[in-house]
Amino acid sequence: MSKKQILLDIAAFLDSGPSVMLSAPDRDGQRKVLEAFLEVCYNELGTAPRFLDGDGIRTVLTARLPRHFKAKDAVAKLAPDVIGAFLEHLTGIESVPFAFEMRLGLQDAEPAYLEALAKGPEGVLATGRKPDPFKHGAVKLGRNDPCSCGSGKKYKKCHGKKHGA
């Protein structure tokens with residue numbers, strides 16, 4: 001059911017005025033972006049795009065949609081424009097309960113979307129280097145040090161007993 005609905009929504013959008021008004025990307029680029037967006041809505045979130053609110057659009061753009069594109073995909077950078085045109089198309093043909101919130105969410109999420117797109121699906125930055133590993137800042141507690149619970153006993157006789165110290 002959802003694949004058929006995705007194809008119907010794409011066809012309706014590509015024949016609409018907001019699609020024609022977009023200067024970039026071309027029809028194939030619009031189709032690719034919209035297919036990924038609708039796939040996230042219908043299959044991952046389980047809802048029609050017209051029922052998304054501002055938080056739903058932010059979730060789609062920042063957490064879900066970047067996984068459907070490669071980091072250097074030129075069409076992916078234009079996704080917010082295509083989705084904005086699609087939302088305009090939706091409000092023109094049917095009732096969209098949270099249309100205002102969706103537009104605000106789209107504007108708010110655009111910078112975070114571009115940042116998530118630059119990081120890529122594995123979290124590796126576009127520069128090719130991995131993020132620095134986490135380093136714990138606490139001092140290591142030795143077995144003969146006083147226990148951190150404040151009992152006054154050595155760690156090995158207090159809480160270290162549980163851990164076999």
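- A pairwise comparison of heavy atoms in Leu52 and Phe98 identifies O-CB, 3.6 Å as the closest pair.
- Note: Ile57 CD1 to Thr62 OG1 = 10.5 Å, rounded to the nearest 0.5 Å.
- In terms of heavy atoms, His89 sits closest to Ala12 at CE1-O, 3.6 Å.
- Asp145 CG to Lys140 NZ: the interatomic distance, rounded to the nearest 0.5 Å, is 12.0 Å.
- Side chain of Arg27 to backbone of Leu14: a donor-acceptor contact under 3.5 angstrom is found.
- Between Leu117 and Lys77, the closest heavy-atom pair is CD2-N, 4.0 Å.
- Exactly one residue among Ile10, Asp81, Val82, Val75 makes a side-chain contact (heavy atoms from CB on, under 4.5 Å) with Gln30. That residue is Val82.
- For the side-chain hydrogen bond (donor to acceptor under 3.5 Å, both in side chains) test, residues two or more places apart in sequence or in another chain that qualify with Asp55 are Arg58.
- Cluster annotation: Leu114 and Val60 are assigned to the same hydrophobic cluster (Ile/Leu/Val/Met/Phe/Trp/Tyr, side-chain heavy-atom contacts under 4.5 Å, transitive).
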Taking distance alone, no hydrogens or angles, what donor-acceptor pairs closer than 3.5 Å link side-chain atoms of residues 39-51 to residues at least two apart or in another chain?
unit_1	atom_1	unit_2	atom_2	d
Glu39	OE2	Asn43	ND2	2.8
Tyr42	OH	Asp9	OD2	2.7
Asn43	OD1	Ser2	OG	2.7
Glu44	OE1	Arg64	NH1	3.4
Glu44	OE2	His68	NE2	2.9
Arg50	NE	Glu94	OE1	3.3
Arg50	NH1	Ser95	O	2.3

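- Taken from CG in Leu22 to CZ in Phe13, the straight-line distance is 5.5 Å, to the nearest 0.5 Å.
- Residue Pro18 comes nearest to Ala85 through the heavy atom pair CB-O, 3.4 Å, listed as atom of the first residue, atom of the second, then distance.
- Within the model, atoms CZ of Arg103 and OG1 of Thr91 stand 5.0 Å from one another, a figure rounded to the nearest 0.5 Å.
- Put simply, OG on Ser19 and CD on Glu88 are 11.0 Å apart, with the number rounded to the nearest 0.5 Å.
- Distance check: Asp53 CG to Leu104 CG gives 11.5 Å after rounding to the nearest 0.5 Å.
- The salt bridge (Lys or Arg N to Asp or Glu O under 4.0 Å) search around Glu101 returns none, not counting sequence neighbours.
- In terms of heavy atoms, Tyr113 sits closest to Ala79 at OH-CB, 3.4 Å.
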